[in-house]
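Written below as structure tokens is the structure these notes are about.
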Amino acid sequence: DARRDAPGRSPVPPRRPPAAAADGSYRRRPSPTTSRLLESFARQQSETEQTLSSWFDAAQSGDLQRMRSLFELYNGETLSVDQRQTNTGRTALIIAVQWDRFDVVRWLLDQGADPHYPSPRGTALYIGSIRVQDRHALPVHRRLSENVLELLQAHADTAAAGAAPAAAADDGDDGDDSDDDDDDDD
């Protein structure tokens, strides 16, 4: 054998795997277990992408029933109420505001969507205010945009005050008088 007789060569080949070529052409074959895990991960990624795509499509089309179903199935696992689109950074709330989907906006806010959640083009509240100023919108669309904006503002104001939106209509008397001004004791 020429390899064994070559001067300076060991008759025993090295036991370590050969180094990868500079272009990365050397690849070890994954074990069957690793292959199954990789296939499972790829399937799971595909399912997640389909779920998120369906979530954002439902927000755009105003399909509240599909949004509710997806939220019940995947809340906390593959999606959250403030889930962002990977390519645009928009949330379902922002999409619903852009398309004047009043019922979807109301439902998302009731689920805890944040009207101040930032995206590259602004918050849902900002985008809603821009839509109201659209001079080219038909009056019916402008009124719908105004309704959406009023809803967003009501939720934003109550969230800033630390109250739940349902409590916004409350008279504010929580029975706790510890915050009352005690100047009349002087």
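Predicted model, so just to flag it, every value in this text is computed and none were measured.
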Mark yes or no for whether S69, through its side chain, and Q65, through its backbone, hold a donor-acceptor pair below 3.5 Å.
yes

Check: Q50 main-chain N/O paired with S54 side-chain donor or acceptor under 3.5 Å
no

Taking only residues two or more places apart in sequence or in another chain, which ones pass side-chain contact (heavy atoms from CB on, under 4.5 Å) with T123?
L125, Y126

With side chains defined as the heavy atoms from C-beta onward, is the minimum distance between L93 and D82 less than 4.5 Å?
no

Measure the CG-CZ distance between L52 and R84 for me, rounded to the nearest 0.5 Å.
13.5 Å

Verify whether one side chain among Q85 and T88 offers a donor that lies under 3.5 Å from an acceptor in the other.
yes

Measure across I127 and R121 and return the closest heavy-atom pair with its distance rounded to 0.1 Å.
CG1-O, 4.1 Å

What's the shortest heavy-atom distance between T91 and F56, and which atoms?
C-CE2, 4.0 Å

Could you give the distance from CD (E146) to CG (L151), rounded to the nearest 0.5 Å?
13.5 Å

Non-hydrogen atoms of A92 and A59 that approach each other most closely
O-CB, 3.7 Å

Less than 3.5 Å apart, which donor and acceptor atoms pair up between the side chains of residues 94-109 and the rest of the protein, not counting sequence neighbours?
residue : atom : partner : partner atom : Å
Q98     : OE1  : R90     : NH1          : 2.7
D100    : OD1  : S145    : OG           : 2.9
D100    : OD2  : R131    : NH2          : 2.7
D100    : OD2  : S145    : OG           : 3.0
R101    : NE   : Q60     : O            : 2.7
R101    : NH2  : Q60     : O            : 3.0
D103    : OD1  : R106    : NH2          : 2.7

Run the salt bridge (Lys or Arg N to Asp or Glu O under 4.0 Å) test against R66 and tell me which residues pass, sequence neighbours left out.
D63

Look up atom CG in L79 and atom CH2 in W55, then write down how far apart they are to the nearest 0.5 Å.
5.5 Å

Atom pair CZ/OG of F71 and S80 - distance to nearest 0.5 Å
8.0 Å

For N147, what residues pass the side chain to side chain donor-acceptor pair (under 3.5 Å) criterion, not counting sequence neighbours?
R143

Count I, L, V, M, F, W, Y as connected when their side-chain heavy atoms are under 4.5 Å apart, and connections chain through other members. Are V148 and Y117 then in the same cluster?
no

Who are the side chain to side chain donor-acceptor pair (under 3.5 Å) partners of T86, not counting sequence neighbours?
none

Please report the shortest heavy-atom distance between M67 and A58, naming the atom on each side.
CG-CB, 3.4 Å

Looking only at non-hydrogen atoms, find the nearest pair between S119 and G89 and report the distance.
CB-O, 3.4 Å

